[in-house]
Amino acid sequence: MNINLTLIGQIIAFAVFVAFCMKFVWPPLINAMQERAKKIADGLDAANRAERDLKLAQEKATSQIREAKEQAAQVIEQANKRASQIIDEAKETARQEGERLKAAAQAEIDQEVNRAKETLRTKVSTLAVAGASKILETSIDVEKHNALLDKLAEEL
Amino acid sequence: MAGNSTEYIKHHLTNLTYGELPAGYERADGSVLSEASWTLAQSAQEAGDMGFMALHVDSLAWSIGLGALIMFLFYRAARKATTGVPSGFQNFVEVMVEFVDNTVKESFHGRNPLVAPLALTIFCWVFMMNLMDLIPVDVVPKLFELGFAAAGHDPHHAFMKIVPSTDPNITMGLSITVFALMIFYSIKVKGIGGFMGELTLHPFNVKNPFVQALFVPINFFLESIALIAKPISLALRLFGNMYAGEMIFILIALLFSAGLALGLLGGVLQWAWAVFHILVITLQAFIFMMLTIVYLSMAHEDH
């Protein structure tokens, strides 16, 4: 219980330990801890930023998909329109072709009719001549009366 | 038995003292010194008679040894400190550092790079010194006695107190250093005038300068007592708690030599007291640190 030199020794030891702690122990530890705290804060910041970026990217992707869909729909619509147009055109062409064919057929038919009429006329005239000659029982000079006969045929 | 017990307790409460005995001094063994000489005390009486020129070898050795140990461990952790994921001992050290740092930030409002390392040193060191109290009281002294005898000395003179904080020199050494820092920073922050003003213008403060002059000596007296009470209470609080705790351990240890039944009771009591003491040693270390921070904070406060 005596107060003696131990006191001085303890004061010196205390001063040395505090100085040591202040120089070699405290700064590296507290620096490391502060640096780590900063790192963690930065990491959290980065994570937040990444999340935000992700959200933005997702929004962008969604809008792009929507745009693409719209474009696709537009293209399809155009294609449909074009297809019906082509069909209409084809129909029109077919109709015109049909009409043309019909006209040609009509013309041919008319031609045939005319030809048949002509043939009939000729035949009738011949028949008439034959009949007349039979009636008259006279020979008729064919060449003499040819002009008359033609005229007759024409009148038929 | 009674004499034995007294001897036992006295032996346990005596430091291993190395000091100067005056010429003509009659030693405990009856021999008379022809001239003043430095030697190990052979009894508590001799240790007392050595006066101021003596060293408590055990207190100082344990104190410095424990301080060096904790500083070495912390230094190793600090050198290897990484900003990555900490592991093992570094975790523990960082917990301590963070705890002290937070305490200092809460209680100390000035800017001083000394305070936090000082608080850390005090807390860890005082805790380590107090922790020695949990080692059963007879283990180390007995081993030391054997070693002392083997070295050719009288084992009766093998005094060994392994809890440095039960030595008032050790606790006073800490508190006087803290006191010196208080005075130093008071003067540095407030100037000599500010510091003297703090000592003389409170608690009685009146506008009239003549009346105030009358109050100055009273104020100075009161404030000086308050100032000096700080380091003394700081040292004696730690010393008292640890000394009392150690004393209880010694008294419990007496039961071990008093038969099987009392010995068993002693074992239970020792365990219970040790468990309770874990709280005391931690609390005392914390209080010492906390009060140091508060006193230094007061020293930095400019009115």
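A note on names: the letters A, B, ... follow the listed sequences, proteins ahead of strands, and every chain is numbered from 1.
- The nearest pair of heavy atoms linking A/Ile3 to B/Pro168 is CD1-CB, 4.2 Å.
- Looking at B/Ala180, neither its backbone nor its side chain comes within 4.5 Å of chain A, counting heavy atoms on both sides.
- Note on B/Ser63, B/Ala44, B/Pro86, B/Ala81: by heavy-atom pairs under 4.5 Å with chain A, the leading option is B/Pro86.
- With a 4.5 Å cut-off on non-hydrogen atoms, A/Ile8 touches chain B through its side chain but not through its backbone.
- By number of non-hydrogen pairs under 4.5 angstrom with chain A, the leading residue of B/Gly19, B/Gly173, B/Ala54, B/Gly67 is B/Ala54.
- Contact annotation: the side chain of B/Ser59 never approaches that of A/Gln10 to less than 4.5 Å [non-hydrogen atoms, C-beta and beyond].
- Contact tally against chain B (heavy-atom pairs below 4.5 Å) for A/Ile12, A/Ile30, A/Val18: the top residue is A/Val18.
- Contact annotation: the side chain of A/Phe14 approaches that of B/Ile122 to within less than 4.5 Å [non-hydrogen atoms, C-beta and beyond].
- Tested against A/Asn4 for a side chain to side chain contact (heavy atoms under 4.5 Å, CB included), the candidates B/Met50, B/Met53, B/His56 yield a single pass: B/His56.
- Counting heavy-atom pairs closer than 4.5 Å to chain A, the top-ranked of the candidates B/Ala47, B/Gly48, B/Ala116, B/Cys124 is B/Ala116.
- Atom CD of residue B/Glu20 and atom CG of residue A/Leu5 lie 10.0 Å apart, to the nearest 0.5 angstrom.
- Contact annotation for B/Ile176: only side-chain heavy atoms (C-beta onward) come within less than 4.5 Å of a heavy atom of chain A.
- Distance OG1/A/Thr6 to CG/B/Leu55: 5.5 Å, rounded to 0.5 Å.
- Top candidate by heavy-atom pairs under 4.5 Å with chain A, chosen from B/Thr171, B/Leu181, B/Leu60, B/Thr14, is B/Leu60.
- For chain A, the nearby part of B/Val93 is the side chain; its heavy atoms alone come within less than 4.5 Å.
- Looking at heavy atoms from C-beta onward, B/Leu120 lies in side-chain contact with A/Cys21 at the 4.5 angstrom threshold.
- Applying the 6.0 Å contact sphere to CD of A/Gln85 captures more than 12 heavy atoms from other residues, nucleotides or ligands.
- Nearest approach of A/Phe17 to B/Ala68, heavy atoms of both residues: CZ-N, 3.2 Å.
- If you measure heavy-atom distances from B/Gln90 to chain A, the contacts under 4.5 Å come from the side chain alone.
- Across B/Ile70, B/Val57, B/Val85, B/Leu118, the residue that shares the most heavy-atom pairs under 4.5 angstrom with chain A is B/Leu118.
- Across B/Ala78 and A/Pro28, no two heavy atoms sit closer than the pair O-CB, 3.6 Å.
- Under a 3.5 Å cut-off, the side chain of A/Asn2 and the backbone N or O of B/Gly51 do not form any donor-acceptor pair.
- With a 4.5 angstrom heavy-atom cutoff, A/Met22 touches chain B via backbone and side-chain atoms both.
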